Amino acid sequence: MHRILLIEDDPQVGPAIRRGLTAEGYAVDLATDGVTGLECALAGDHDVIVLDVMLPRLHGYGVCGRLRAAGVITPVLMLTAKDGEHDEAEGLDTGADDYLTKPFSYVVLLSRLRALLRRGGRTGASPVLRHGDLWADLTTRRAGRGTTAVHLTGKQFGVLVALIRAEGRVLSKGEILDEVWDPAFRGDASIVEVYVSALRRKIDAPWGTRSIETVRGYGYRLAPTGSTGE
């Protein structure tokens with residue numbers, strides 16, 4: 001049985017989501033403020049954290065940021081009534097793996113949760129993918145460059161894996177969406193740009209390189225090994 005931590009302060013939404021998830025066979029812990037939710041997340045053993053942004057005592061961005069700083073890698077699905085690219089980027093930059101704007105369909109929520117729970121290495125695939133000194137471990141969901149591990153969110157990791165597997169072939173935004181996002185996703189393909197930008201900040205900028213190339217008008221690819229990219 002998968003265990004989910006739900007951090008939601010709305011007295012109607014929180015219990016309703018908990019009832020629905022419990023009926024689906026999940027074990028659900030509910031926290032109604034950010035500080036309590038953070039304590040539960042640090043002390044518990046959850047498979048996914050569903051985290052509202054607008055929380056009393058400590059907002060969701062703060063909760064997620066502190067979890068990642070503490071080394072907690074549990075996937076985080078953020079819920080928020082806020083909308084817009086910058087709000088989503090803020091959530092992703094603090095370490096969230098996915099983002100769902102209220103009001104949302106319960107069916108979509110379930111689909112996003114299932115995607116986070118099943119995301120991982122493919123059966124029969126090599127456990128570690130490499131491109132030059134870049135690497136992605138499909139078993140541990142860790143990635144890095146050389147001997148340095150770099151924390152990536154679930155979708156950032158998925159984008160990196162898709163690019164490494166393409167072996168230098170250009171991937172369109174649509175192909176990356178098909179590879180990494182849940183089939184229920186109906187958002188704008190430009191969201192891929194947000195994740196590529198975040199990847200570049202994490203796997204390229206600290207080393208002064210540019211391994212993810214933009215092919216204008218089409219998509220992205222990894223630069224040949226030994227190249228600094230564009």
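As the structure is a computational prediction, the values presented were derived from the model and not from experiment. Just the heavy atoms: all of them, side chains too, but no hydrogens, waters or symmetry mates, feed the values below.
- Minimum heavy-atom separation, His2 to Asp47: CA-OD2, 3.2 Å.
- His131 places no side-chain N or O within 3.5 Å of a backbone atom of Gly168 that could act as its donor or acceptor partner.
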When you look at Thr74 and Arg68, which way does the side chain to side chain donor-acceptor pair (under 3.5 Å) test go after all the steps? CA-CA 9 Å; Thr74 305; Arg68 296 315 188 212; 5.7 Å; no
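- Counting heavy atoms from C-beta outward, Glu24 and Leu110 have side chains that approach closer than 4.5 Å.
- For Arg3 (side chain) and Tyr26 (main-chain N/O), no donor-acceptor pair under 3.5 Å exists by modelled atom type.
- Looking only at side-chain heavy atoms (C-beta outward), Ile4 and Asp29 stay at 4.5 Å or farther from each other.
- Residue Ser197 holds its OG atom at 9.5 Å from CD1 of Ile212, rounded to the nearest 0.5 Å.
- Side-chain atoms of Leu116 and Arg114, non-hydrogen and from C-beta on, never get closer than 4.5 Å to each other.
- Put simply, the side chain of Ser105 gets close to the backbone of Val107: a donor and an acceptor are under 3.5 Å apart.
- For Asp97 (side chain) and Val76 (main-chain N/O), a donor-acceptor pair under 3.5 Å exists by modelled atom type.
- Between the Tyr218 side chain and the Leu171 main chain, no donor and acceptor come within less than 3.5 Å of each other.
- The line from CG of Leu5 to CG of Asp45 is 11.5 Å long, rounded to the nearest 0.5 Å.
- Expressed to the nearest 0.5 Å, how far CG of Leu177 lies from NZ of Lys155 amounts to 10.0 Å.
- Exactly one residue among Arg200, Arg221, Arg169 makes a salt bridge (charged side-chain N to carboxylate O under 4.0 Å, His left out) with Glu213. That residue is Arg221.
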Please report the C-alpha distance between Lys102 and Thr80 in whole Å, then the side-chain angles of each, then the deciding distance to 0.1 Å, and finally whether the side-chain contact (heavy atoms from CB on, under 4.5 Å) criterion is met. CA-CA 6 Å; Lys102 298 176 180 178; Thr80 181; over 6 Å; no
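- Side-chain contact between Val50 and Ile17 is absent, with no heavy atoms from C-beta onward closer than 4.5 Å.
- In this structure, the separation between CG on Leu51 and CG on Leu67 is 8.0 Å, given to the nearest 0.5 Å.
- No more than 12 heavy atoms of other residues, nucleotides or ligands lie within 6.0 Å of CZ in Arg66, so this atom counts as exposed by the packing criterion.
- The shortest side-chain heavy-atom distance between Arg130 and Ile164 does not fall under the 4.5 Å cut-off.
- The heavy-atom pair separating Gly34 from Val63 by the smallest distance is O-CG2, 3.5 Å.
- Contact check for Glu175 versus Tyr220: no side-chain heavy atoms found under the 4.5 Å cut-off.
- Side-chain contact between Ile7 and Leu55 is present, with heavy atoms from C-beta onward closer than 4.5 Å.
- Smallest separation of non-hydrogen atoms from Leu100 and Arg112: CD1-NH1, 3.7 Å.
- Taking hydrophobic clusters as Ile, Leu, Val, Met, Phe, Trp and Tyr residues chained together by side-chain heavy-atom distances below 4.5 Å, Val180 shares a cluster with Val150.
- Of all non-hydrogen atoms in Pro15 and Leu30, the two that sit nearest each other are N-CD2, 4.3 Å.
- A cation-pi contact, defined as under 6.0 Å to the ring centre and within 45° of the axis, is absent between Arg145 and Trp135.
- Using a 4.5 Å cut-off on side-chain heavy atoms (C-beta onward), Met54 and His59 make no contact.
- Atoms CG and OG1, from Asp133 and Thr147 in turn, are 9.5 Å apart once rounded to the nearest 0.5 Å.
- Put simply, the side chain of Thr22 gets close to the backbone of Arg18: a donor and an acceptor are under 3.5 Å apart.
- In this structure, CG in Leu77 is found 11.0 Å from CD1 in Ile49, a value given to the nearest 0.5 Å.
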When you look at Leu199 and Arg201, which way does the side-chain contact (heavy atoms from CB on, under 4.5 Å) test go after all the steps? CA-CA 5 Å; Leu199 266 180; Arg201 290 196 299 272; over 6 Å; no
Arg142 and Ile73: CA distance, side-chain angles, deciding distance, side-chain contact (heavy atoms from CB on, under 4.5 Å) verdict: CA-CA 10 Å; Arg142 297 173 70 245; Ile73 62 172; 5.9 Å; no
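- In this structure a side-chain-to-backbone donor-acceptor pair under 3.5 Å is present from Lys202 to His151.
- Distance alone, capped at 3.5 Å, places no donor-acceptor pair between the Glu179 side chain and the Ile176 backbone.
- Here the side chain of Asp204 pairs a donor or acceptor atom with the backbone of Ser211 at under 3.5 angstrom.
- Taking all atoms of both residues into account, the shortest heavy-atom contact from Cys64 to Met78 is CB-CE, 3.8 Å.
- Listed here is the closest heavy atom pair of Leu160 and Ala136: CD2-CB, 4.4 Å.
- No side-chain donor-acceptor contact under 3.5 Å links Asp52 to the backbone of Glu8.
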